Amino acid sequence: MKKNQTLGLIITLLAFFMFSCGGKEKKSETPPPPPPAETKTEAPAPEAEKEVVSKAGKVVYLTYCAVCHQEDGNGIAGMNPPLTETEWVNGDKTRLINIVLNGLSEEIEVKGEAYNNVMAPHDFLTDKQIADVLTYVRGSFGNESDAVTEAEVAEARAAK
């Protein structure tokens with residue numbers, strides 16, 4: 001009887017090892033291919049589009065504007081006005097677009113402080129770049145104003 005019990009135990013153990021070790025497939029080293037791309041094209045969500053515009057606008061801002069208005073938009077007291085929560089930024093979009101296109105050489109008052117430093121025209125920027133940077137500024141530094149469109153910039157440029 002002991003012989004039968006030992007044989008049964010061996011068969012059980014062999015079966016256990018066969019199913020637990022040898023029954024599994026080895027995982028592939030390469031990941032499975034991605035699912036096929038959908039053929040349907042959808043417009044990006046407004047938040048995603050705004051994020052893309054903000055990134056593009058930030059690049060333009062850091063390249064052409066931050067040297068005077070500073071990276072944080074606070075400007076330089078007595079020299080270059082702040083862009084933070086001001087009527088100049090959040091007010092009339094056409095006035096703001098024209099400042100970028102034509103520059104500014106007159107004295108202005110921002111947050112109770114006078115500024116008379118000349119801002120050079122940036123009319124070498126494309127309509128898209130101006131729309132992007134102004135959208136970035138109007139949505140950053142504590143500002144919460146709506147976007148500036150390429151069409152608005154093109155209209156202001158044509159009226160120049």
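Quick caveat, the model's predicted, so the values are computed rather than measured. In what follows, every heavy atom counts, from backbone to side chain, and hydrogens, waters and symmetry copies are set aside.
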request  = Assign the ring pair Tyr61 / Phe141 to parallel, tilted or perpendicular, where the plane angle (0 to 90°) is split at 30° and 60°.
outcome  = tilted
inquiry  = Restricting to non-hydrogen atoms, name the atom on Met79 and the atom on Asn117 that form the minimum distance, rounded to 0.1 Å.
reply    = O-CB, 2.8 Å
Other residues, nucleotides, ligands: >12 heavy atoms within 6.0 Å of Glu155 CD = no
query = Take atom CD in Glu71; do more than 12 heavy atoms of anything else shown fall under 6.0 Å from it?
reply = no
query = How would you list, by chain and number, every residue that makes a side chain to side chain contact (heavy atoms under 4.5 Å, CB included) with Glu113, sequence neighbours excluded?
reply = Ala77, Tyr115
inquiry  = I'd like to check Ser145 versus Val89 (side-chain heavy atoms, cut-off strictly below 4.5 Å). Are they in contact?
reply    = no
message = Using a 3.5 Å distance criterion without hydrogens, assess whether the side chain of His122 forms a donor-acceptor pair with backbone atoms of Gly103.
response = no
ask   = Which pair of non-hydrogen atoms, one from Asn90 and one from Glu144, has the smallest distance, and what is that distance?
value = OD1-N, 4.2 Å
Which atom of Ala131 lies closest to which atom of Val153, heavy atoms considered = N-CG2, 3.9 Å
request  = Check step by step if side chain to side chain contact (heavy atoms under 4.5 Å, CB included) holds for Ile130 and Val148.
outcome  = CA-CA 8 Å; Ile130 293 173; Val148 173; 5.7 Å; no
ask   = Is a donor on one side and an acceptor on the other found under 3.5 Å between the side chain of Asn80 and the backbone of Ile76?
value = no
ask   = Is there a side-chain contact between Pro82 and Gln70 (heavy atoms, below 4.5 Å)?
value = no
request  = Using atom types as modelled and distance alone, determine if a side-chain donor or acceptor of Ser105 lies under 3.5 Å from a backbone N or O of Val118.
outcome  = no
inquiry  = Assess the residue pair Asn143 and Tyr136 against the criterion (side chain to side chain contact (heavy atoms under 4.5 Å, CB included)); give the C-alpha distance rounded to whole Å, side-chain angles, the decisive distance to 0.1 Å, and a yes or no.
reply    = CA-CA 9 Å; Asn143 302 313; Tyr136 171 73; over 6 Å; no
message = Please give me the minimum heavy-atom distance between Val133 and Cys65, naming the atom from each residue.
response = CG2-SG, 4.1 Å
ask   = Between Glu152 and Ile97, is a side chain to side chain contact (heavy atoms under 4.5 Å, CB included) present by the stated rule, with each step listed?
value = CA-CA 8 Å; Glu152 290 169 324; Ile97 293 166; 4.0 Å; yes
ask   = Okay, side chain of Arg138, backbone of Asp146: is any donor-acceptor separation there less than 3.5 Å?
value = yes
key: Rounded distance [0.5 Å steps], NZ in Lys58 versus OG1 in Thr135   = 15.5 Å
query = Yes or no on side chain to side chain contact (heavy atoms under 4.5 Å, CB included) for Thr149 and Lys93, after CA distance, side-chain angles and deciding distance?
reply = CA-CA 10 Å; Thr149 66; Lys93 288 194 262 185; 5.7 Å; no
request  = Spell out, as yes or no, whether a donor-acceptor pair under 3.5 Å connects the side chain of Asn102 to the backbone of Ile99.
outcome  = no
request  = Examine Val67 and Phe124 and state if one hydrophobic cluster contains both, with Ile, Leu, Val, Met, Phe, Trp and Tyr joined whenever side-chain heavy atoms are less than 4.5 Å apart.
outcome  = no
query = With a 4.0 Å cut-off, would you call Arg157 and Asp123 a salt bridge?
reply = no
request  = Kindly check if the number of other-residue, nucleotide or ligand heavy atoms within 6.0 Å of CD (Glu107) is above 12?
outcome  = yes
message = Can you give me the closest heavy-atom contact between Trp88 and Arg95, atom names plus distance?
response = CA-NH2, 3.4 Å
task = Taking Lys111 for its side chain and Thr84 for its backbone only, find out whether a donor-acceptor pair lies under 3.5 Å.
result = yes
Closest approach of Val59 to Thr63 (non-hydrogen atoms, all atoms of both residues) = O-OG1, 2.7 Å
